[in-house]
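Working notes, beginning with the structure itself.
Everything quoted here is computed from the prediction, not taken from an experiment.
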Amino acid sequence: MKNLLTLFILTTFALGVQAQITLKFESQPATWTLFGNGTGDSTDFRTIANPNSSGINVSDSVLKFKVNSNAEVFAGAFTDSFGPFVFTQANHMVTMMVHKSVVSDCAVKFEAPGTSIAPIEIKVPNTVTGQWEMLTFDFTAAIGVNFTRLVLFPDFPATRTSGSDNYLDNVVIAGGTTSINRISGELLKMYPNPTNDVLTVEYPAMTGIVVSDMMGNTINQVKLLSADRESIAVANLSAGVYFVTVKTNDGVYTTKFVKN
(Lines give C-alpha, C1' and ligand atoms only; values in the text may rest on other atoms or scores of the structure.)
Protein backbone atom coordinates (compact mmCIF):
# COMPACT_ATOMS: atom_id res chain seq x y z
CA MET A 1 0.00 0.00 0.00
CA LYS A 2 1.38 3.40 -1.02
CA ASN A 3 1.23 6.24 1.46
CA LEU A 4 2.92 9.57 1.79
CA LEU A 5 5.85 9.54 4.17
CA THR A 6 8.73 11.92 4.69
CA LEU A 7 11.87 10.21 5.95
CA PHE A 8 14.32 12.31 7.93
CA ILE A 9 17.65 10.61 8.70
CA LEU A 10 19.26 12.23 11.73
CA THR A 11 22.83 11.19 12.45
CA THR A 12 23.96 11.08 16.07
CA PHE A 13 27.63 11.14 17.02
CA ALA A 14 27.55 10.49 20.76
CA LEU A 15 28.88 7.21 22.08
CA GLY A 16 29.41 5.93 18.54
CA VAL A 17 25.68 5.22 18.09
CA GLN A 18 24.10 4.79 14.69
CA ALA A 19 21.73 7.19 12.97
CA GLN A 20 18.17 7.80 14.03
CA ILE A 21 15.26 7.59 11.61
CA THR A 22 12.23 9.82 12.00
CA LEU A 23 9.07 8.97 10.09
CA LYS A 24 6.92 12.02 9.37
CA PHE A 25 3.91 11.44 7.14
CA GLU A 26 4.26 14.33 4.72
CA SER A 27 5.32 14.00 1.08
CA GLN A 28 7.46 10.99 0.14
CA PRO A 29 5.97 7.60 -0.88
CA ALA A 30 6.69 4.46 1.10
CA THR A 31 5.30 0.94 0.80
CA TRP A 32 3.11 -0.34 3.64
CA THR A 33 1.14 -3.59 3.87
CA LEU A 34 -2.06 -3.56 5.93
CA PHE A 35 -3.22 -6.77 7.65
CA GLY A 36 -5.94 -8.08 9.98
CA ASN A 37 -8.22 -5.08 9.56
CA GLY A 38 -11.49 -6.85 8.73
CA THR A 39 -13.92 -5.35 6.24
CA GLY A 40 -12.86 -1.92 5.06
CA ASP A 41 -11.53 0.05 2.10
CA SER A 42 -8.56 2.13 0.94
CA THR A 43 -9.49 5.03 3.23
CA ASP A 44 -8.72 2.95 6.34
CA PHE A 45 -4.97 3.63 6.02
CA ARG A 46 -3.89 6.91 4.49
CA THR A 47 -2.21 10.26 5.03
CA ILE A 48 -4.55 13.08 6.04
CA ALA A 49 -4.38 16.60 7.48
CA ASN A 50 -3.49 16.68 11.17
CA PRO A 51 -6.82 16.60 13.08
CA ASN A 52 -5.30 18.53 16.00
CA SER A 53 -2.25 20.57 15.01
CA SER A 54 -1.59 21.97 18.46
CA GLY A 55 0.23 20.96 21.63
CA ILE A 56 3.07 18.54 21.02
CA ASN A 57 2.33 17.91 17.32
CA VAL A 58 2.02 20.75 14.84
CA SER A 59 2.71 18.64 11.73
CA ASP A 60 0.58 19.38 8.66
CA SER A 61 -0.01 15.72 7.80
CA VAL A 62 -0.30 12.49 9.79
CA LEU A 63 -1.11 8.84 9.18
CA LYS A 64 -4.73 7.82 9.80
CA PHE A 65 -5.29 4.16 10.67
CA LYS A 66 -8.98 3.30 11.01
CA VAL A 67 -9.35 -0.04 12.77
CA ASN A 68 -12.64 -1.67 11.77
CA SER A 69 -15.03 -3.21 14.27
CA ASN A 70 -14.54 -6.69 12.79
CA ALA A 71 -10.74 -6.40 12.69
CA GLU A 72 -8.43 -8.85 14.42
CA VAL A 73 -6.98 -7.70 17.75
CA PHE A 74 -3.61 -7.58 15.97
CA ALA A 75 -4.68 -5.26 13.11
CA GLY A 76 -1.58 -3.50 11.86
CA ALA A 77 0.68 -2.51 8.97
CA PHE A 78 4.30 -3.21 8.11
CA THR A 79 7.00 -1.70 5.91
CA ASP A 80 10.42 -2.87 4.72
CA SER A 81 11.31 0.58 3.37
CA PHE A 82 13.58 1.87 6.12
CA GLY A 83 15.78 -0.90 7.54
CA PRO A 84 18.13 -2.16 8.66
CA PHE A 85 17.61 -1.26 12.31
CA VAL A 86 20.40 -2.10 14.76
CA PHE A 87 19.86 -1.00 18.35
CA THR A 88 22.81 -0.19 20.61
CA GLN A 89 23.39 0.11 24.36
CA ALA A 90 23.27 3.89 24.04
CA ASN A 91 20.46 4.12 21.52
CA HIS A 92 17.53 1.72 21.84
CA MET A 93 14.43 3.83 22.47
CA VAL A 94 11.57 4.30 20.00
CA THR A 95 9.03 7.08 20.37
CA MET A 96 5.75 7.62 18.54
CA MET A 97 3.02 10.25 18.74
CA VAL A 98 -0.54 8.88 18.81
CA HIS A 99 -4.00 10.47 18.76
CA LYS A 100 -6.67 7.83 19.45
CA SER A 101 -10.40 7.49 20.03
CA VAL A 102 -9.91 4.65 22.55
CA VAL A 103 -7.47 3.73 25.32
CA SER A 104 -5.67 0.50 24.46
CA ASP A 105 -2.21 -0.92 23.88
CA CYS A 106 -0.18 0.37 20.95
CA ALA A 107 2.55 -1.94 19.72
CA VAL A 108 5.78 -1.48 17.79
CA LYS A 109 7.42 -4.61 16.39
CA PHE A 110 10.66 -5.30 14.54
CA GLU A 111 11.22 -8.38 12.38
CA ALA A 112 13.90 -9.86 10.15
CA PRO A 113 12.01 -11.86 7.47
CA GLY A 114 13.94 -14.70 5.85
CA THR A 115 16.24 -15.14 8.85
CA SER A 116 16.19 -17.12 12.09
CA ILE A 117 16.13 -13.91 14.13
CA ALA A 118 13.16 -13.81 16.50
CA PRO A 119 10.94 -10.73 16.19
CA ILE A 120 10.52 -8.38 19.14
CA GLU A 121 7.32 -6.53 20.04
CA ILE A 122 6.71 -3.91 22.73
CA LYS A 123 3.23 -2.76 23.82
CA VAL A 124 2.54 0.58 25.51
CA PRO A 125 -0.97 1.93 26.23
CA ASN A 126 -2.06 5.46 25.51
CA THR A 127 -3.55 7.26 28.51
CA VAL A 128 -5.73 9.94 26.88
CA THR A 129 -8.08 10.17 23.91
CA GLY A 130 -8.79 12.98 21.48
CA GLN A 131 -5.33 14.56 21.80
CA TRP A 132 -1.74 13.87 20.88
CA GLU A 133 0.39 11.84 23.27
CA MET A 134 4.02 10.72 23.04
CA LEU A 135 4.60 7.00 23.73
CA THR A 136 8.06 5.56 24.44
CA PHE A 137 9.04 1.96 23.64
CA ASP A 138 12.15 0.50 25.27
CA PHE A 139 13.96 -1.98 23.00
CA THR A 140 16.76 -2.85 25.41
CA ALA A 141 16.13 -6.53 24.67
CA ALA A 142 16.92 -5.90 20.97
CA ILE A 143 20.39 -4.41 21.45
CA GLY A 144 22.83 -5.72 18.86
CA VAL A 145 20.19 -7.44 16.70
CA ASN A 146 19.76 -6.56 13.01
CA PHE A 147 16.11 -6.07 11.96
CA THR A 148 14.74 -5.06 8.54
CA ARG A 149 10.97 -4.71 9.01
CA LEU A 150 8.93 -2.24 11.07
CA VAL A 151 5.40 -3.19 12.14
CA LEU A 152 2.89 -0.83 13.80
CA PHE A 153 -0.26 -1.84 15.72
CA PRO A 154 -2.18 1.32 16.76
CA ASP A 155 -5.02 -0.39 18.66
CA PHE A 156 -4.08 -3.77 20.15
CA PRO A 157 -6.65 -4.72 22.83
CA ALA A 158 -6.85 -8.08 24.56
CA THR A 159 -10.28 -8.56 22.93
CA ARG A 160 -11.73 -6.65 19.98
CA THR A 161 -15.13 -5.18 20.91
CA SER A 162 -15.20 -2.12 18.66
CA GLY A 163 -13.36 -0.23 15.98
CA SER A 164 -11.29 2.92 16.50
CA ASP A 165 -9.82 5.95 14.79
CA ASN A 166 -6.07 6.25 15.25
CA TYR A 167 -3.60 8.87 14.05
CA LEU A 168 0.17 8.30 14.11
CA ASP A 169 3.09 10.68 13.57
CA ASN A 170 6.76 11.38 14.36
CA VAL A 171 7.92 7.80 14.79
CA VAL A 172 11.54 8.12 15.97
CA ILE A 173 13.59 4.95 15.61
CA ALA A 174 17.04 4.91 17.18
CA GLY A 175 19.43 2.45 15.62
CA GLY A 176 18.76 3.03 11.93
CA THR A 177 21.71 2.94 9.55
CA THR A 178 23.09 5.51 7.15
CA SER A 179 26.07 5.84 4.83
CA ILE A 180 27.18 9.08 6.51
CA ASN A 181 30.60 8.75 8.15
CA ARG A 182 30.43 9.27 11.90
CA ILE A 183 32.99 10.78 14.22
CA SER A 184 33.35 9.32 17.67
CA GLY A 185 32.38 10.99 20.92
CA GLU A 186 32.92 8.18 23.39
CA LEU A 187 33.42 10.56 26.31
CA LEU A 188 30.03 12.23 25.92
CA LYS A 189 27.53 11.37 28.66
CA MET A 190 23.92 12.58 28.96
CA TYR A 191 21.51 11.57 31.71
CA PRO A 192 18.83 10.82 32.80
CA ASN A 193 17.21 9.94 29.50
CA PRO A 194 14.19 10.14 29.33
CA THR A 195 13.99 13.07 31.75
CA ASN A 196 11.33 15.24 33.38
CA ASP A 197 13.10 18.28 34.82
CA VAL A 198 16.87 18.37 34.40
CA LEU A 199 19.26 16.93 31.80
CA THR A 200 22.95 16.60 32.66
CA VAL A 201 25.60 16.66 29.92
CA GLU A 202 29.23 15.71 30.47
CA TYR A 203 32.18 16.08 28.10
CA PRO A 204 35.74 17.38 28.69
CA ALA A 205 36.33 20.98 27.63
CA MET A 206 32.91 21.82 26.19
CA THR A 207 32.68 25.17 24.42
CA GLY A 208 28.93 25.24 23.81
CA ILE A 209 25.63 23.31 24.09
CA VAL A 210 22.57 23.84 21.91
CA VAL A 211 19.16 22.20 22.46
CA SER A 212 16.97 21.90 19.35
CA ASP A 213 13.62 20.37 18.44
CA MET A 214 12.76 17.71 15.86
CA MET A 215 12.59 20.30 13.06
CA GLY A 216 16.03 21.71 13.87
CA ASN A 217 14.77 24.85 15.58
CA THR A 218 17.02 26.10 18.40
CA ILE A 219 15.26 25.87 21.77
CA ASN A 220 18.11 26.85 24.09
CA GLN A 221 21.70 28.01 23.66
CA VAL A 222 23.06 27.00 27.02
CA LYS A 223 25.30 29.40 28.92
CA LEU A 224 28.07 27.17 30.26
CA LEU A 225 28.88 27.40 33.96
CA SER A 226 31.32 24.50 33.68
CA ALA A 227 33.41 23.26 30.76
CA ASP A 228 33.08 19.60 31.76
CA ARG A 229 29.59 19.14 33.22
CA GLU A 230 26.40 21.12 32.71
CA SER A 231 22.84 20.68 34.02
CA ILE A 232 20.09 21.95 31.71
CA ALA A 233 16.57 22.76 32.90
CA VAL A 234 14.00 21.14 30.56
CA ALA A 235 10.86 21.19 32.72
CA ASN A 236 9.34 23.92 30.54
CA LEU A 237 9.61 21.81 27.35
CA SER A 238 6.62 19.96 25.96
CA ALA A 239 6.81 16.16 25.97
CA GLY A 240 8.69 14.86 22.96
CA VAL A 241 12.07 14.17 21.40
CA TYR A 242 14.80 16.83 21.36
CA PHE A 243 18.46 17.00 20.33
CA VAL A 244 21.53 18.22 22.18
CA THR A 245 24.53 19.42 20.17
CA VAL A 246 27.77 19.64 22.15
CA LYS A 247 30.55 21.80 20.74
CA THR A 248 34.11 20.95 21.81
CA ASN A 249 37.65 21.67 20.71
CA ASP A 250 37.84 18.26 19.01
CA GLY A 251 34.46 18.13 17.27
CA VAL A 252 30.70 18.62 17.39
CA TYR A 253 28.52 15.82 18.74
CA THR A 254 24.74 15.49 18.52
CA THR A 255 22.45 13.06 20.30
CA LYS A 256 18.80 12.92 21.32
CA PHE A 257 16.87 12.91 24.56
CA VAL A 258 13.24 12.31 25.42
CA LYS A 259 11.31 14.80 27.56
CA ASN A 260 8.54 13.00 29.48
Side-chain angles (χ1 to χ4, degrees), residues 6-26 50 52-60 62 87-99 108 124 126-127 131-140 168-176 178 180 182-183 185 188-203 206-226 229-248 251-260:
T6 296
L7 173 65
F8 292 88
I9 300 181
L10 303 169
T11 304
T12 59
F13 304 107
L15 301 171
V17 299
Q18 293 180 306
Q20 297 159 20
I21 295 175
T22 300
L23 281 59
K24 292 178 64 67
F25 301 89
E26 301 290 350
N50 188 343
N52 183 6
S53 56
S54 62
I56 65 171
N57 187 14
V58 295
S59 296
D60 292 331
V62 301
F87 297 99
T88 69
Q89 183 65 46
N91 209 355
H92 52 264
M93 307 296 287
V94 173
T95 57
M96 178 170 66
M97 290 185 182
V98 302
H99 184 296
V108 175
V124 176
N126 59 304
T127 62
Q131 65 186 72
W132 286 104
E133 180 178 6
M134 173 77 74
L135 303 183
T136 300
F137 303 80
D138 186 347
F139 280 90
T140 299
L168 310 177
D169 201 15
N170 297 325
V171 185
V172 179
I173 306 166
T178 173
I180 299 173
R182 298 183 301 277
I183 58 178
L188 178 60
K189 298 179 181 179
M190 187 176 68
Y191 57 88
N193 189 12
T195 184
N196 291 311
D197 302 311
V198 176
L199 181 73
T200 297
V201 179
E202 293 184 6
Y203 194 89
M206 292 185 292
T207 60
I209 299 176
V210 176
V211 178
S212 56
D213 63 17
M214 292 288 296
M215 302 306 295
N217 301 310
T218 298
I219 301 297
N220 184 10
Q221 295 195 43
V222 181
K223 182 178 180 180
L224 296 181
L225 299 178
S226 167
R229 182 178 183 274
E230 193 63 51
S231 294
I232 306 169
V234 297
N236 63 323
L237 299 181
S238 300
V241 179
Y242 296 86
F243 292 88
V244 170
T245 299
V246 177
K247 301 176 182 180
T248 76
V252 177
Y253 310 107
T254 301
T255 189
K256 74 163 186 176
F257 72 93
V258 176
K259 168 61 170 60
N260 286 333

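- Nearest heavy atoms, N196 versus K259: O-CE, 2.9 Å.
- The two residues D213 and I219 have their closest heavy-atom pair at N-CG1, 3.8 Å.
- Here the straight-line distance linking atom CG of L224 with atom OG1 of T207 works out to 7.5 Å at 0.5 Å rounding.
- In this structure, a donor-acceptor pair under 3.5 Å is present between the side chains of E202 and Y191.
- Using a 4.5 Å heavy-atom threshold, the side chains of V124 and T136 count as separate.
- Of the possible polar contacts, none joining the D169 side chain to the K24 backbone as a donor-acceptor pair under 3.5 Å is found.
- Between I56 and M134, the shortest heavy-atom contact is CD1-N, 3.7 Å.
- Across all their heavy atoms, N126 and L135 have their closest contact at CA-CD2, 4.0 Å.
- In plain terms, the two heavy atoms of K256 and V172 that are nearest each other are NZ-CG1, 3.9 Å.
- Judged purely by atom type and a 3.5 angstrom limit, N50 uses its side chain to pair as donor or acceptor with the backbone of S59.
- Side-chain contact check for D138 versus M93: some heavy-atom pair is nearer than 4.5 Å.
- Paired with V98 under the rule side-chain contact (heavy atoms from CB on, under 4.5 Å), one option of N57, L168, V62 passes, and it is L168.
- Classified by interplanar angle (parallel below 30°, tilted 30° to 60°, perpendicular above 60°), the ring pair Y242/F257 is parallel.
- Between atom CG of residue L237 and atom CG of residue N260 there is a gap of 12.0 Å, rounded to the nearest 0.5 Å.
- Considering every non-hydrogen atom in both V198 and V234, the closest pair reads N-CG2, 4.0 Å.
- Not a single donor-acceptor pair under 3.5 Å links the side chain of S53 to the backbone N or O of D60.
- Considering only residues two or more places apart in sequence or on other chains, F139 meets the ring pair (Phe, Tyr, Trp, His ring centres under 6.0 Å) condition with F87, F110.
- The backbone N or O of N52 lies less than 3.5 Å from a partner atom in the side chain of W132, making a donor-acceptor pair.
- Rounding to the nearest 0.5 Å places CE of M97 at 13.0 Å from CG of L23.
- Looking only at side-chain heavy atoms (C-beta outward), N170 and M96 stay at 4.5 Å or farther from each other.
- Interatomic distance, CD1 of I232 versus CG of D197, reported as 13.5 Å (0.5 Å rounding).
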